[in-house]
4 protein chains.
Amino acid sequence: MRNREKAPYHARREAVLAVARDLFAERGYRATTVRDIADASGVLSGSLYHYFDSKETLIDEMLSSYLDELTIAYRNVVAQGGDAPATLARLVAAAFAAVEKHRAAGLVLHSERHHLARLPRFAHLVEREEEIEHLWSTVIERGKTTGQLRPDIDEHMTYRFVRDGICAAARWSRPATGLAEQFLSLLLDGLRG
Amino acid sequence: MRNREKAPYHARREAVLAVARDLFAERGYRATTVRDIADASGVLSGSLYHYFDSKETLIDEMLSSYLDELTIAYRNVVAQGGDAPATLARLVAAAFAAVEKHRAAGLVLHSERHHLARLPRFAHLVEREEEIEHLWSTVIERGKTTGQLRPDIDEHMTYRFVRDGICAAARWSRPATGLAEQFLSLLLDGLRG
Amino acid sequence: MRNREKAPYHARREAVLAVARDLFAERGYRATTVRDIADASGVLSGSLYHYFDSKETLIDEMLSSYLDELTIAYRNVVAQGGDAPATLARLVAAAFAAVEKHRAAGLVLHSERHHLARLPRFAHLVEREEEIEHLWSTVIERGKTTGQLRPDIDEHMTYRFVRDGICAAARWSRPATGLAEQFLSLLLDGLRG
Amino acid sequence: MRNREKAPYHARREAVLAVARDLFAERGYRATTVRDIADASGVLSGSLYHYFDSKETLIDEMLSSYLDELTIAYRNVVAQGGDAPATLARLVAAAFAAVEKHRAAGLVLHSERHHLARLPRFAHLVEREEEIEHLWSTVIERGKTTGQLRPDIDEHMTYRFVRDGICAAARWSRPATGLAEQFLSLLLDGLRG
DNA sequence: GATGAATGAGGATTCATTCAT
DNA sequence: TATGAATGAATCCTCATTCAT
C-alpha cells in the first residue's frame, strides 16, 4: 500500500476541513478565525498552512465539493429522462440528499453567497450555480410546454424559491423526517387542502 | 417651530441610515466599514458617532424597523379575521409589501440572521422573529384544523420556506411583476398544471 | 491660509517618511518593520496607515521623489548643451548633489533595486532608471563620435560603474570633501599619474 | 575507497549550496525561503538541516569561499611584486576572475553587505573585507608615492568605486567580453579620448 | 540519513471606536 | 456638532527551525 504514509496527511487534512466546515456553519465564514479552526483542530494556527493555502481555500474546497456533487447528481437525474414532474421529484430528492450530506456547505453557501460572489476568486462558484439554475429552469420549462406544469409561474423564481427553501430547511432539519417528501408535495400540489 | 434645530440632526441621521442600509445590502454588513458609510454619506467617520453609538446600532435600527413594520402588518392581517387561505394570502401580500419597502433590511436579515442571532446584543431580533413565526404557524394550523389546508405539511417548514423564498426574491425582483401573486399561487396550489 | 489645518497632517506625514527613510537606509527595507517605523515616529503601528497605504508606499514615495529629482536635474543638464565632457561633468555633479540630498534613497535603491525590480508594483522605477541610463548613454556616445571620449569603452558599463560608484560613495561620504570632483577626475582622466 | 559513503553526502551538500547560490543571486537572500531551496534541490526542507545548520550558514559559506578565494588571489598578486599600475592591473584581473566564477556570491554580497554587516554572526565578513580594502589601499598609496598614480584621489574611494563597479558588472556581464580590460583601462586612463 | 508535519513568534494590515480640538 | 488623527487589538499569513518516525 503506497498510501501507508500519505494516509495520515490526508486524514489530518480532512479532519481540519471538517472542523472548519462546522465552525463556518455555526458562526459564519467571516466570524470564524483561522485560529479558531486551529484551536478546534488541536494544532497551531501556522500548521493549518500545511494543508491549506489560505482560509479562502478552505471554504472554496468545501463549497466546490458540495456543488460538484450537486451538479453531478442533477445531471444524472436529467439524463435519466422522464416527464417534468417526475424529474422535478428526483431533483428535489437529490437536493435534499446533497444538503443532508453537506449540511454545513449548504448553510455557508446560503449566507455567504452574496458576499463571495463579489470576489473574483470565487467566480467559478457563480458559474456553477448558474449551470444548476439553468438545468432546473429547463426542466420546468419543459413541464410548462407539455402542460404538466403551470405556465403562469416563472421558472427562475421557482428555482430560487426551492434552492433557498432547501438550504433553510437544512438549518433545522433532522434526518428522516420526510422533509424532502413534504417539500416536494408542497411544491407540486400546494398547501391547499 | 421647535424642530428648527432638531430637523437637520434628524435628517442627517436618516440620511446616514439610508446610506448604511444600501451598503449593507450591497456588500454585506461585515464587509462594509464604518468609513465606507461615512464616505458615502459625506461626513467624517468620527461624526457618525454623533448619530449612532456603534455600527451595531445601525444594523439594529434598520432591522428593528423592518421587523416592527412586519409585525404590525401581520398582526393587522390576523386581526382582520377570515379563513386560513385568505389570511395566508394577506400575509404573503404583507410580506412582499414589507420586503419591497425595506429591501435592504430583508436582504441583510437573510444573510446575517444566523450570525447576529449568536450575539446577545441582538437577542431581541430573535424574539421578534419567533413571534412572527408563531403567528404564521397559528394561521396554518387553523387551516389544517378546518381542512382548508393540508394536514400533512409542517407549518414551520412552510413558514421558513416562505420567509426565505421572499427574501431571496427580493434580491432580484423588480416591483410590479406580480411576484407576490405568483408566489402565493405557487404556495397554495403548487406547480402542477 | 487654508493650510492652517492641513499643515500638521502634512508635517506628520513628512516626519514619518523621514523616519522610514533613515531606518530603511540604516537596516534595509525588508529588515525594517512597520512597527519599527511607528515606534521611532512615536505613534502606534496602526496610525501609520493614516498617512500611507502600505509599507510599499513608503519606499515608493521615497524612491520616486529621488528619481524625479534626478531625472529633472539630468534633463536640465542635457538641455543646457555643451560638449560631452562638460555635460558629463555636470551630470556627475548633479548625481552627487542628488545623492547627498537623498542619501537614504540612494542607499536603499542601491541595495533593493534588484529585489524591487521583480515586483510589478515597482515597474515604474525600472522604467525611470532606464530613461536615466539612456540619457547618460546618449551623452557618452556623442562624446565618442566627436572623439572627445574614448570609443573603446562601453557606455552602459560606464554608466553603471558611475551609478553604483556614486551610491556606494554615499554610504561613507561626508559633505564637502570634494568627492564629486575627485570622482569626475578619476572618471575622465583615470588614476594614472 | 573510504569515501564511498561520504562522497554522496558531500555531493548533495554541494548541490544544495549551488542551488542556494543561484536562488540568492536571482531573488535575493531574504526573498528566498529555505523551502524554495529545498524544493529546487529535490530534497525536503527538513533534510537541508543535515547539511547546514541554518539558512545563515548557507550564505556564510557561499560568501566566505568567495572572499577566501579573493583574498588569496589578491595576496598572490601583491606578493608577485611589480609597480603599482601593474599590480593594480593584476588586482582588477583577479577581481573579475573571481566574480565571474562566484557570480552569485558577488551579487549577493553587493546587495546584502549592508544588512549582514549589522549581524554579529557575520562580523568576520566585515573583517575580511577590511583586509581586502587595506590591501588595495596600500597598493594605490604606493603608486601615489612613486608618482605613478595621481596623488589627489582618495584610495578608499577608488577601491569602493572599483569594488561596486565590478559587482554591478557581474549582474549583466557575459564572459569573454573584455570587460575586465575595458574596466582597467577606464580606471587607469579615464574616459577622455 | 531522510522525512515532512508541527511549531510559534513575528510580519503587514484592518477597522470600530475615541477624543482633543 | 463636526473633525480626523490616533488607537490597539485582532486578522490572515509566513517561515526558519525542530523532531518523532
Side-chain angles (χ1 to χ4, degrees), chain A residues 4-6 8-13 16 30-38 41-58, chain B residues 5-6 8-9 12-13 30-39 42-58, chain C residues 4-6 8-13 16 30-38 41-58, chain D residues 5-6 8-9 12-13 30-39 42-58:
Chain A
R4 208 170 24 186
E5 295 201 337
K6 291 203 169 158
Y9 171 85
H10 193 254
R12 273 283 210 191
R13 191 177 199 280
V16 169
R30 263 121 85 219
T32 303
T33 71
V34 169
R35 191 169 304 253
D36 288 340
I37 300 169
S41 302
V43 296
L44 280 247
S45 69
S47 307
L48 284 192
Y49 290 83
H50 264 282
Y51 304 105
F52 302 95
D53 286 351
S54 67
K55 191 186 173 188
E56 287 183 334
T57 302
L58 277 165
Chain B
E5 295 208 331
K6 288 199 171 166
Y9 172 85
R12 279 274 218 189
R13 192 177 199 280
R30 263 119 89 216
T32 303
T33 70
V34 168
R35 190 165 304 240
D36 288 339
I37 300 169
D39 288 352
V43 297
L44 273 274
S45 67
S47 307
L48 281 193
Y49 288 83
H50 283 289
Y51 304 107
F52 301 94
D53 287 351
S54 67
K55 190 186 174 189
E56 288 182 334
T57 302
L58 276 164
Chain C
R4 205 173 24 187
E5 297 202 335
K6 291 204 169 159
Y9 171 85
H10 194 254
R12 274 280 210 193
R13 190 177 198 281
V16 169
R30 262 121 86 218
T32 303
T33 71
V34 168
R35 191 170 302 255
D36 289 339
I37 300 169
S41 301
V43 297
L44 281 247
S45 66
S47 306
L48 282 193
Y49 289 83
H50 263 283
Y51 303 105
F52 301 95
D53 286 351
S54 67
K55 191 185 172 189
E56 287 183 334
T57 302
L58 277 165
Chain D
E5 296 207 332
K6 288 200 171 163
Y9 172 85
R12 279 274 217 189
R13 191 177 199 280
R30 263 119 90 217
T32 303
T33 71
V34 168
R35 189 163 305 240
D36 288 340
I37 300 169
D39 287 353
V43 298
L44 274 274
S45 68
S47 306
L48 280 192
Y49 288 81
H50 283 289
Y51 304 107
F52 301 95
D53 286 352
S54 68
K55 190 186 175 188
E56 289 183 333
T57 301
L58 277 164

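Just so it is clear: chains get the letters A, B, ... in the order the sequence lines come, proteins before strands, and each one is counted from 1.
Comparing F/dG4, E/dT3, E/dG8 against the side chain of B/L44 picks out F/dG4 as the nearest.
Considering A/D53, A/T57, A/V43 as possible partners of A/L48, the one that fulfils the side-chain contact (heavy atoms from CB on, under 4.5 Å) test is A/V43.
When heavy atoms are screened at a 4.0 angstrom cut-off, C/F52 is found touching no nucleic acid atom at all.
Environment of CZ in D/R12: sparse, with no more than 12 heavy atoms of neighbouring residues, nucleotides or ligands closer than 6.0 Å.
Taking atom CD1 of residue B/I37 and atom P of nucleotide E/dC15, one finds them 12 Å apart after rounding to whole Å. When rounded to the nearest whole Å, the span between CG of D/D36 and C1' of F/dA16 equals 12 Å. Straight-line distance from the CG atom of A/L48 to the P atom of F/dT11: 14 Å, rounded to whole Å.
Taking CG from D/D39 and OG from D/S45, the interatomic distance works out to 8.0 Å, rounded to the nearest 0.5 Å.
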Pairs under 3.5 Å (Watson-Crick or G-U), crossing ones as [ ], inter-strand ones as |: DNA chain F comes out as .||||||||||||||||||||

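The salt bridge (Lys or Arg N to Asp or Glu O under 4.0 Å) check on A/R35 picks up nothing, with sequence neighbours excluded.
Considering all non-hydrogen atoms of both residues, D/T32 and D/K55 come closest at O-NZ, 2.8 Å. Across all their heavy atoms, B/D36 and B/A31 have their closest contact at OD2-O, 4.0 Å. Across all non-hydrogen atoms, the minimal contact from D/H50 to D/Y9 is O-OH, 3.3 Å. Nearest heavy-atom pair, C/L44 versus C/A38, reported as atom, atom and distance to 0.1 Å: C-CB, 3.7 Å.
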Going 5' to 3' through nucleotides 16-21 of chain E and flagging B where a protein heavy-atom sits under 4.0 Å of the base, S where only the sugar-phosphate is that close, and - otherwise, we get SBB---

